[in-house]
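Okay, structure first, notes after.
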Amino acid sequence: MFAVLVGENYPDRLRGFRGYWHKKHGKPCVARCSWQGIEFWVIDTETGKRKYRWENIEEFCQRVSVLAAKDVRIPQDCRLRLYDSRQAQWDLLLRAAGRWARSTTRKLSDILFAVVDWDGRYTDTVRQLIRTCLTVKVVTLAQETYRELYEELMETCGASILVGNSLESCRGCTAVLAPDGLRGTLALDCPVFGARETEARRGAVSAVEIENVFGPQLPGDVAPLEFLAALQELENYQPSQNVMASRLCCDGVWMGCEEAWAYFHKLFGPCAAIPSRDTQKRNERKSGTDEELVKLG
């Protein structure tokens, strides 16, 4: 189970006499709720404002992780295990990148993704991408990790990856995926999913939002993405592949997906077909890059 902290915008069913009694005794007012058979606690943080009430909330949440509604202000010294929504955010960014790629061409051979993975921690992302395109570029310093992945992919599906150690190799791709950001500043000729606006000079998709697919069971002002992140950590929850981003934060501006695609087409124009590897290398030499993309093996 997990716990949801709600505040002043939550319906009054936790208040009334029960809320008054808990406020008087400094105890958290708790209700047991469920969504599609998955149970969770809802804790009303507004039933009392004495400092030791947060200590009681800490005590109640010792064995569960929590997420908070937007109007809840958790004290800095409060020791609660908060959910990290970055993995759920990244899963949605990955799906959004796939939707963008499919909007640019119908040819599988024309799609080329680049993954910026300096530490070699996102090989699973490359495995997912290789299912939808023939080749993936990887920018990394963990060469040995990707050597092992190359051998695995060649044995299982005959796919190949191109590995380099410079962001310059991301040019000419359909999209760049940067789970930990670019860790540098570069103007690229395609959207960058995961980069901050300060890293990619244009076309940076830094965050996503989803619509409320949980219905009235979603507690208070809890962000649907945060609730999804909490559900994904439960063993009995099967994540739905149909949950897609409804809005993207592109260069600091929130846009619907179709609006974002139009924005990218305006920035970068239609995506051209992937040139041959020999042409890629010639272009890289002309551009002055000191990196050579190599096929591991």
Side-chain angles (χ1 to χ4, degrees), residues 1-96 124 207-247 249 254:
M1 292 182 66
F2 59 93
V4 181
L5 304 181
V6 296
E8 58 186 7
N9 292 328
Y10 194 68
D12 291 337
R13 63 177 181 157
L14 294 186
R15 298 188 177 123
F17 176 78
R18 181 185 177 197
Y20 170 79
W21 188 90
H22 282 77
K23 177 179 180 180
K24 181 179 179 179
H25 294 275
K27 296 182 179 181
C29 187
V30 178
R32 190 165 184 151
C33 301
S34 68
W35 178 79
Q36 293 190 356
I38 299 174
E39 295 188 334
F40 56 92
W41 299 106
V42 173
I43 303 176
D44 192 344
T45 63
E46 293 297 317
T47 54
K49 298 183 180 179
R50 301 175 187 175
K51 184 176 181 181
Y52 62 80
R53 280 205 66 257
W54 280 103
E55 294 178 3
N56 287 335
I57 291 176
E58 286 181 27
E59 183 179 358
F60 182 85
C61 296
Q62 281 183 355
R63 298 183 180 180
V64 297
S65 295
V66 304
L67 59 151
K70 297 176 183 177
D71 58 341
V72 173
R73 300 290 177 265
I74 301 176
Q76 292 184 351
D77 60 346
C78 194
R79 294 171 295 178
L80 294 173
R81 290 180 294 167
L82 297 175
Y83 273 103
D84 188 344
S85 63
R86 284 180 295 181
Q87 184 58 50
Q89 182 105 215
W90 177 242
D91 291 342
L92 291 166
L93 281 169
L94 194 58
R95 294 180 199 175
D124 285 343
V208 300
E209 285 184 351
I210 63 173
E211 296 178 351
N212 179 15
V213 296
F214 307 107
Q217 287 81 16
L218 184 69
D221 282 345
V222 173
L225 181 59
E226 301 289 328
F227 195 71
L228 177 66
L231 291 174
Q232 285 182 342
E233 292 194 18
L234 300 177
E235 294 181 359
N236 58 338
Y237 175 71
Q238 297 297 325
S240 173
Q241 296 299 318
N242 297 324
V243 179
M244 297 288 183
S246 59
R247 294 205 305 163
C249 185
W254 284 100

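Numbering of residues begins at 1 and proceeds along the displayed sequence. Reckoned from all heavy atoms, side chains included, excluding hydrogens, waters and symmetry mates.
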Taking the side chain as every heavy atom from C-beta outward, state whether [X] and [Y] have any atom pair closer than 4.5 Å.
X	Y	answer
Arg32	Met1	yes
Tyr83	Phe227	no
Gln232	Asp91	yes

How many angstroms lie between [atom1] in [X] and [atom2] in [Y], if you round to the nearest 0.5 Å?
X	Y	atom1	atom2	value
Glu55	Asp77	CD	CG	8.5 Å
Leu93	Arg95	CG	CZ	11.0 Å
Ile74	Leu82	CD1	CG	4.5 Å
Phe40	Leu231	CZ	CG	8.0 Å

Could you tabulate the donor-acceptor pairs under 3.5 Å formed by side-chain atoms of residues 61-70, not counting sequence neighbours?
none

In chain order, what residues pass the side chain to side chain donor-acceptor pair (under 3.5 Å) check against [X], with sequence neighbours excluded?
X	value
Gln89	none
Arg86	Asp84
Glu211	none

Quick one: which residue pairs count as a salt bridge (Lys or Arg N to Asp or Glu O under 4.0 Å) with a foot in residues 219-231, not counting sequence neighbours? none

Mind checking what makes ring-ring contact (aromatic ring centres under 6.0 Å, His included) contact with Trp90, not counting sequence neighbours?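 So Trp90 forms no ring-ring contact (aromatic ring centres under 6.0 Å, His included) with any residue.
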
Parallel, tilted or perpendicular: which one describes the rings of Phe60 and Trp41, with boundaries at 30° and 60°?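 Phe60 vs Trp41 ring planes: perpendicular.
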
Under the side chain to side chain contact (heavy atoms under 4.5 Å, CB included) test, residues paired with Pro224 that sit two or more places apart: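 Testing Pro224 for side chain to side chain contact (heavy atoms under 4.5 Å, CB included), a comparison that skips the adjacent residues, returns Ile210, Asn212, Phe214, Leu218.
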
Which residues share a side chain to side chain contact (heavy atoms under 4.5 Å, CB included) with Gln217, sequence neighbours left out: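 Residues passing side chain to side chain contact (heavy atoms under 4.5 Å, CB included) with Gln217: Trp35.
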
Taking all non-hydrogen atoms of both residues into account, name the closest pair between Val72 and Val6 and its distance. CG2-C, 3.5 Å

Using salt bridge (Lys or Arg N to Asp or Glu O under 4.0 Å) as the criterion, list what pairs up with Arg73, not counting sequence neighbours.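 With sequence neighbours excluded, Arg73 shows a salt bridge (Lys or Arg N to Asp or Glu O under 4.0 Å) to no residue whatsoever.
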
